[in-house]
K.L.:
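Dumping the structure here so I can ask a few things about it.
Hydrogens, waters and symmetry mates are skipped; everything else that's a heavy atom, side chains included, is used.
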Amino acid sequence: MKLRSLSLLLFVIQTGISSLHLAAQSNTQSNIQNEYFDILFGNELKLDRMQRPMELVPRPDGGVVIHSSKGWGKDMAIDIVKSDFEQNSTLVYKIDQDAPRRSNKLLYFGKKFIWVNSLKEKKTDADNLFLREINSETGEFQGDEILINKTKDVTGGGIEVGGDWGLFSDLGSGAGGMYMTLVKTERYYCSVSPDSTKLAVYYRKRPVKKLNKLNKDVWGFVVVDDQFNVLWTREVEMPQTEFMMKFYEAEVNNDGTVFCLTQVYKDDIRKYKKGAKPNYNITILEIGQNDKKPKPKVISMEDVFLRAISMHITDNDQVLLTGTYVKNHKVSGASGVFYNLLDFNSRKAGESKFIEFDPELDASYESPKYIKQQQKSYKKNGEPHIPNLCFREVYFDPETEEITLLLEAYRMVTVISNNGRTVTYHFYYDDIYVLRIDTDKQEITRSYKIPKRQYGRNVMADLGVSSAMYGDKLFVFFIDNKKNLEIQPDMEPATHTAGAGGYLTGVLIDLDKASEPQRFLMFDSRKEKLHCDPTRFVYSNGDIYGITYEKAAGGGPYRPLRLSLKD
């Protein structure tokens, strides 16, 4: 998830207003019904039958570069999608089969498309980290391959994430099983500064001691400028053991300073008794070019238990923390949001602000039985709470320092068979919450709940949500059940099942006028015989791009999709 900056951020619609309306017009030439966007499908992508599109990288002048690969970097394909959609060209580069590349990443950095990859030397067992520029018009490699780091014992993992995109702490048990905490297994992670002049690539070294109560992780950092000059490299031992510290993510600012988000325990207590206080702090480790050791900054979390947290570097070089919390660790879900703006340049400590949810936020689009249960829970636990929320987008205005959060109710439940041989993963992507925080008033000034129910069993295809901001208009996209086209506030949403076909649905929130959000139909995947994943939409020079596929499970053939906002 990437921080979005806004020059103008006005109103987010208040919870409890009247129902969403379908704003759709019929199109006699196709099944597409859309009032706000022109929809255009590109030509079929000419990919190897074993290839699938991995990611879409926006081009600054419009269009996207579609990155696909087969295997672990043995083949790489760069598909150039022109902004006018008149042609799609596919250029495939065969990489030496005896020396397959790892960490196959494509990103836009310093006004260039960069391929980040690594190659292990057989004789020395050293990992070589390379950068190489790719011409976004031709798809050809440009210039020589540049070695930016060489080290041994690089291993995957080390970054703890909960669920799909959000970061979780101290998860409780869920119905039918346990919430599952995932650990990313990538070898290299990348962070680009807000002004796109610095790139940080970081990695975890293989643990020296196998017990997490004894081992202190070592993380390596490589920071380069937009001319591919290596500014500094360092392998840093963490100040606490794996058991005492959770490493979440790292971000680089415009000066090339790296900030690491961690959670540090005070002692080895992990289970809380009634009335117990949290046993950890959030610590940001600052690592600069001349720092031999990381400089920690402890963030006071008062007496709350974290449920999710994310960190971003803002355009004005502040560190923005946002998260959700509960006061009673036995309460499932989230009771409120918090934020903290830290100015490291002025050494301003920053103060965390905690804002409790309004109980009415969770009352719409629910059954009377659910509302009654929640009210009973509020009374018992002394605080309102809504389901576990993941951060999907953070919009920040550096001038007014207003924050708009797009969150999604998400949980994953694992069920293990009696014989222990079968594990079933149940994915639940539910309601969307839009919150606007006025940092001057230190309160949520507007909040809105967009109802949806999405479910997948061992599959996450077409689940989730994405958004795009056009000036003062926020558009939210997701796949929905057709029964929800005219849902009312006193109705529960029908469930959309992953891969079963559904409606690509949009919701418009006019932030300037504070008018009713409008739900509109974009197209019916069954009638169009095309599926898509809205979570992979990208914004490029005013248009939104995605990938469509014919098979519900995500199989080809593939065609690019362009959404252009109508005048």
K.L.:
Side chain to side chain donor-acceptor pair (under 3.5 Å) with Gln374: which residues, sequence neighbours excluded?
P.N.:
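Gln374 satisfies side chain to side chain donor-acceptor pair (under 3.5 Å) with Asp362, Tyr370 once adjacent residues are dropped.
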K.L.:
Would a distance-only check, ignoring hydrogens and angles, find a side-chain to backbone donor-acceptor pair under 3.5 Å from Asp291 to Lys293?
P.N.:
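Not a single qualifying donor-acceptor pair exists.
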K.L.:
CG/Leu405 to CG/Leu407 distance, rounded to the nearest 0.5 angstrom?
P.N.:
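That separation rounds to 5.5 Å.
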K.L.:
Could you go step by step and tell me if His67 and Glu55 meet the side chain to side chain donor-acceptor pair (under 3.5 Å) rule?
P.N.:
CA-CA 5 Å; His67 178 206; Glu55 56 186 331; 2.9 Å; yes
K.L.:
Roughly how far, to the nearest 0.5 Å, is the CG atom of Asn149 from the CG atom of Asn128?
P.N.:
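Result: 8.5 Å between the selected atoms.
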K.L.:
Sequence neighbours left out, what pairs pass salt bridge (Lys or Arg N to Asp or Glu O under 4.0 Å) with at least one residue falling in residues 320-331?
P.N.:
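Of all non-adjacent pairs touching residues 320-331, those that pass salt bridge (Lys or Arg N to Asp or Glu O under 4.0 Å) are Lys327-Glu356.
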K.L.:
Would you tell me whether Lys205 and Thr151 have side-chain atoms, one donor and one acceptor, within less than 3.5 Å of each other?
P.N.:
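There is such a pair (donor and acceptor under 3.5 Å, judged by atom type) between the side chains of Lys205 and Thr151.
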K.L.:
For the CG atom of Asn316 and the CD atom of Gln318, what is their distance to the nearest 0.5 Å?
P.N.:
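Reported to 0.5 Å precision, the distance equals 4.5 Å.
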K.L.:
Residues in side chain to side chain donor-acceptor pair (under 3.5 Å) with Glu443, at least two apart?
P.N.:
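By the side chain to side chain donor-acceptor pair (under 3.5 Å) rule, Glu443 matches no residue at all.
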K.L.:
Have a look at Tyr325 and tell me which of Phe305, Tyr339, Phe354 forms a ring pair (Phe, Tyr, Trp, His ring centres under 6.0 Å) with it.
P.N.:
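The option that passes is Phe354.
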K.L.:
Describe, in one word, how the ring planes of His426 and Tyr428 are oriented to each other, choosing from parallel (under 30°), tilted (30 to 60°) and perpendicular (over 60°).
P.N.:
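It falls in the parallel class, under 30°.
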K.L.:
Answer with yes or no after comparing the ring centroid distance for Tyr203 and Tyr189 against a 6.0 Å cut-off, counting only values under it.
P.N.:
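No - the distance between ring centres of Tyr203 and Tyr189 does not fall below the 6.0 Å cut-off.
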K.L.:
Strictly by modelled atom types, are Thr322 and Ser310 linked by a side-chain donor-acceptor pair under 3.5 Å?
P.N.:
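Yes, because at least one side-chain N or O of Thr322 sits under 3.5 Å from a partner of the opposite role on Ser310.
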K.L.:
At what distance, to the nearest 0.5 angstrom, does CD1 of Ile509 lie from CZ of Arg446?
P.N.:
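Output value for this atom pair is 12.5 Å.
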K.L.:
Measure the OG1-OH distance between Thr495 and Tyr455 for me, rounded to the nearest 0.5 Å.
P.N.:
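Going from the OG1 atom of Thr495 to the OH atom of Tyr455 covers 10.0 Å.
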K.L.:
Please determine whether ring-ring contact (aromatic ring centres under 6.0 Å, His included) holds for the pair Phe247 and Trp219, giving the CA-CA distance in whole Å, both sets of side-chain angles, and the decisive distance to 0.1 Å.
P.N.:
CA-CA 10 Å; Phe247 189 103; Trp219 282 86; 4.1 Å; yes
K.L.:
With rounding to the nearest 0.5 angstrom, report the CZ to OG distance, Phe475 to Ser466.
P.N.:
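One gets 12.5 Å once the value is rounded to the nearest 0.5 Å.
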K.L.:
Measure centre to centre between the rings of Phe478 and His496, then say whether the value is under 6.0 Å.
P.N.:
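Here the rings of His496 and Phe478 have centres that are no less than 6.0 Å from each other.
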